[in-house]
Amino acid sequence: MASSSGGSAKERIVLARRPGFGSLGQKTMAVSNHYRVKFEPKVTIQSIGLKDSNKAIPKSLNREVMNEFIVQHIDKLGTVLPVYDGEKSLYTATTIPDLDVEVQLPESNGSGSRCKRRSFLVAVKKASEPDLRLLDRFLKGEVSTFPQEGIQALDIVLRELPSQKLVPAGRSFFSDIFGQHDLGGGIISWNGFYESIRVAQNGLLTLNLDITANAFIKPGSLEDFLSNSFRMDRTVLFEELTRGDACGDTARVKAKKLLKGIRIETNHSTKTKRKHRVSSLSDQPLQSLTFEMNGENISVCEYFSKTYNYKIRYPQLPAIDCGTRDKRTYFPIEVCSIVPGQNYTRKMNQSQKDALTKITCCMPQDRLQKTHQIAQDLISNSSRYLKEFGVMVNRNMTEVPARVLPPPKVLFQACKRIKAWSLINFDNMLYPNTINKFCNEFVRSCTNYGLVSRFECTEIQSTK
């Protein structure tokens, strides 16, 4: 949390004043992707520090633990509706007592039932009070100290619901419900939106929204992911991974880099489906891997056969290692599938980058409609949290004055006029009407951009 004391140079921020206003062009009104935010300065927000008393809570479980904390200890919270920043801070609009409680986190087995409960001791203690009155005074121009804590608290209030329902990545949220596209190479794009609280000029506080897209690992079997990533048929890929020469070593090293850190789900057991994170790929094939169980050495293939009645189809392939350096945990590639919603953080090739860029490139009217619909859904679905913290968000985009500037005049070699122009066609297969259409469109575009006032197409010649 940033300190609320008003002495550091970092916090003393004064917004730059606009030096003046232009007059050229035709005046009009435009809309921006900002929604005005109002708040109750009298609402006191409590920032509460969270600590796990017995063991570190994995970052991936932070929000799940906090959700269970709210459910299991609702009697201690009463009617308080907290919001969570995903790290170590919980925010409430009403003071709650310091707590030191146990949170039981049931583990899902993938079939809807629960098994193997894990417990965490969570300590809740008051950390600070972000002062919204300071933010109100800053917006009115009465103080120059930037109220970072107040801005952060309001930002977390508006991010609470998306953080629960969608996949976060930086300051954006994504989901396949907004649309998805295949980028090739085992990755897809999910559409989403960027969200942030902004301080604007004239004492305005706004919610800035914009549509965006991000690359994700394509859900499905691990076999398909590797096949798509290598751009090889599955049979050919398996032959590469089992080769004993330098080509096989290269393929296995590439597979290790691709798989490291990916979350997978195993489906070899009919009773449970467990999620794991890949740490590496075994150097040896499955059929050569053994471990000690009950004082005896047993092969991985034999273990799966005896324990799960499962016969491994590709014992010649390397195994997926989800363990640690001291304790290995091996799974056959064939029983692993990709957990949905994982950001693709590795470098994409140029065609994938271009495809991702094209997804968010759309006409202004389409962008406006998509952004506005996201805003309406966000405001409606977050109404409980907004009411709890005394926050109001205008449902209309902010209107701003604008001017339509005249097109610039293009000068050619010290104002020399272009008296004639030529088109040479090197493709004898093109029909004359196709060439005429291109010339007419070219002339129309030049005229629209103010390049020339008169630009006629008079003669077209083709090479023989």
Side-chain angles (χ1 to χ4, degrees), residues 56-68 86 105-118 162-170 172-192 213-230 234 237 254-282 304 308 310 317-324 328-346 348 352 356:
I57 300 176
K59 192 173 181 180
S60 59
L61 293 179
N62 275 355
R63 188 163 292 277
E64 191 175 351
V65 171
M66 286 306 106
N67 290 341
E68 288 295 331
L105 187 63
E107 186 174 7
S108 173
N109 64 9
S111 61
S113 59
R114 299 282 187 170
C115 63
K116 191 183 176 182
R117 301 179 70 86
R118 291 168 292 173
S163 297
Q164 294 179 13
K165 305 293 184 181
L166 307 175
V167 177
S172 302
F173 299 94
F174 302 91
S175 173
D176 56 351
I177 63 174
F178 298 124
Q180 65 177 21
H181 302 81
D182 198 325
L183 302 179
I187 63 176
I188 58 175
S189 70
W190 277 7
N191 293 351
N214 194 33
F216 288 81
I217 301 173
K218 187 176 182 179
S221 70
L222 204 59
E223 299 170 76
D224 288 340
F225 171 70
L226 286 172
S227 178
N228 292 329
S229 298
F230 275 79
R234 188 181 300 184
L237 172 62
K254 181 179 178 180
K256 283 183 180 181
K257 292 180 179 179
L258 279 170
L259 296 175
K260 187 174 182 179
I262 290 179
R263 287 181 290 121
I264 61 167
E265 187 176 65
T266 55
N267 53 26
H268 56 280
S269 174
T270 57
K271 295 181 180 180
T272 60
K273 289 185 179 180
R274 298 290 180 84
K275 294 179 181 179
H276 307 269
R277 190 177 294 275
V278 178
S279 57
S280 185
L281 196 70
S282 67
F304 271 81
Y308 303 108
Y310 182 87
L317 289 177
I320 300 297
D321 184 5
C322 298
T324 61
R328 304 292 186 180
T329 304
Y330 295 119
F331 296 101
I333 291 177
E334 66 205 57
V335 304
C336 301
S337 59
I338 303 287
V339 174
Q342 297 184 69
N343 291 314
Y344 186 78
T345 56
R346 291 163 179 78
M348 294 185 289
Q352 291 169 332
L356 187 61

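Starting from 1, each residue takes its place in the sequence as its number. Below, each value reflects all heavy atoms present in this structure, side chains not excepted, and no hydrogens, waters or symmetry copies.
In this structure the side chain of Q180 never reaches within 4.5 angstrom of the side chain of K218, judged on heavy atoms. Looking at V278 and D321, their side chains never come closer than 4.5 Å, going by heavy atoms from C-beta outward. Within the 4.5 Å cutoff, no side-chain heavy atoms of R274 are placed close to those of F331. Counting heavy atoms from C-beta outward, I338 and D224 have side chains that stay 4.5 Å or more apart. Taking the side chain as every heavy atom from C-beta outward, F225 and S337 never approach each other to under 4.5 Å. With contacts defined as side-chain heavy-atom distances shorter than 4.5 Å, the pair V335/I320 does not qualify.
Partner of C322 under the side chain to side chain contact (heavy atoms under 4.5 Å, CB included) criterion, out of H276, R328, K275: H276 alone.
Under the 3.5 Å distance criterion, with hydrogens and angles disregarded, no donor-acceptor pair is assigned to the side chains of Y344 and Q352.
Note that OG of S175 is 11.5 Å distant from NZ of K165, once rounded to the nearest 0.5 Å. Here the CD1 atom belonging to I217 is positioned 8.5 Å from the CZ atom belonging to R263, to the nearest 0.5 angstrom. The distance from atom CD1 of I187 to atom CG of L356, rounded to the nearest 0.5 Å, is 8.0 Å. In this structure, the separation between CG on N228 and CG on L183 is 12.0 Å, given to the nearest 0.5 Å. For the atom pair CD1 of I188 and CG of D182, the computed distance is 7.5 Å after rounding to the nearest 0.5 Å. Going from atom OG of S172 over to atom CG of L166 covers 11.0 Å, rounded to the nearest 0.5 Å.
Summarising the geometry of N191 relative to H181, their closest heavy-atom pair is ND2-CE1, 4.2 Å, with the distance given to 0.1 Å. When every heavy atom of F230 is checked against every heavy atom of A255, the shortest pair comes out as CZ-N, 3.9 Å. Closest approach of L281 and P318 over heavy atoms only: CG-CB, 3.8 Å. For F178 against G192, the heavy-atom pair with the smallest separation is CD1-CA, 3.9 Å. For the pair S282 and A319, the tightest heavy-atom approach, listed with the atom from each and the gap, is OG-N, 2.7 Å. Looking at every heavy atom in both residues, T266 comes nearest to C336 through CG2-SG, 4.3 Å.
Listed by chain and number, the residues in a ring-ring contact (aromatic ring centres under 6.0 Å, His included) with F304 are H268, Y308 (sequence neighbours excluded). Listed by chain and number, the residues in a ring-ring contact (aromatic ring centres under 6.0 Å, His included) with F216 are F174, W190 (sequence neighbours excluded).
In this structure, R234 pairs ionically with E223, as a charged nitrogen and a carboxylate oxygen lie closer than 4.0 Å.
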